[in-house]
Amino acid sequence: MNMMSIVGRLVGDPTIKELEDNKKVCNFTVAVSRPFKNANGEYETDFFPVSVWNTIAESTAEYCKKGDILGIKGRLQGKDNKISIIAERISFLSSSKSIKDDIDQEKNVKM
């Protein structure tokens with residue numbers, strides 16, 4: 001069974017492309033920290049390319065920006081010795097905009 005789930009941070013703004021058959025695809029890359037430290041005592045990060053299609057693609061491109069944290073459920077796809085993630089579900093876990101708004105609100109309360 002080919003199923004996987006990860007939580008990662010967007011390394012850039014998602015881009016959407018409309019194909020000639022009216023299907024839409026949104027491509028982006030997520031950074032996922034490993035849950036353990038390496039020999040130097042540092043956490044390493046893996047970068048995964050992700051594709052999502054049609055209505056989920058539209059929502060992802062509209063509401064997600066660089067730095068947002070996403071939960072991704074989908075499947076792995078291998079082609080030409082490269083693995084990518086085909087997302088079937090995206091959960092918007094945190095937005096860099098909402099984090100900035102929270103920080104701004106905290107500053108206003110303290111003043």
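Side chains included, hydrogens not; waters and symmetry mates left out as well; all remaining heavy atoms used.
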| field | Residues forming a salt bridge (charged side-chain N to carboxylate O under 4.0 Å, His left out) with Arg89, sequence neighbours excluded | value | none
| Can Leu93 be reached from Tyr63 by stepping across I, L, V, M, F, W or Y side chains whose heavy atoms are under 4.5 Å apart? | no
| field | Transitive ILVMFWY side-chain link Ile90 to Leu76, under 4.5 Å | value | yes
Could you tell me which non-hydrogen atom of [X] sits nearest to which non-hydrogen atom of [Y], and how far apart they are?
X: Cys64; Y: Phe92; result: SG-CE2, 3.1 Å
X: Ala87; Y: Val52; result: O-CG2, 3.8 Å
X: Val30; Y: Ile6; result: CG2-CD1, 3.8 Å
X: Gln77; Y: Arg75; result: OE1-NH1, 3.3 Å
X: Thr60; Y: Cys26; result: CG2-SG, 4.2 Å
X: Ile56; Y: Glu88; result: CD1-O, 3.3 Å

Could you tell me if the side chain of [Y] sits less than 4.5 Å from the side chain of [X], heavy atoms only?
X: Leu70; Y: Val7; answer: no
X: Ile85; Y: Ser51; answer: no
X: Thr45; Y: Val32; answer: no

| With a cut-off of 6.0 Å (strictly less than), are more than 12 heavy atoms of other residues, nucleotides or ligands near CD1 of Ile83? | no
| request: Just do the side chain to side chain contact (heavy atoms under 4.5 Å, CB included) check on Thr29 and Phe48 with the steps written out, would you? | output: CA-CA 5 Å; Thr29 301; Phe48 296 104; 5.8 Å; no
| said: If the threshold is 4.0 Å, N to carboxylate O, is there a salt bridge linking Asp68 and Arg9? | reply: no
| query | Is any NZ, NE, NH1 or NH2 atom of the basic residue among Glu44 and Arg34 found under 4.0 Å from an Asp or Glu carboxylate oxygen of the other? | reply | yes
| request: Kindly determine whether Ile16 and Phe28 satisfy side chain to side chain contact (heavy atoms under 4.5 Å, CB included), including the steps that lead there. | output: CA-CA 9 Å; Ile16 194 163; Phe28 53 91; over 6 Å; no
| When rounded to the nearest 0.5 angstrom, what is the spacing between CG in Asn54 and CG in Asn22? | 10.0 Å
| Can you tell me if Asp80 uses its side chain to pair, donor with acceptor, with the backbone of Lys82 under 3.5 Å? | no
| message | Tell me which pairs pass salt bridge (charged side-chain N to carboxylate O under 4.0 Å, His left out) where either residue lies in residues 13-29, with sequence neighbours left out. | response | Lys24-Glu58
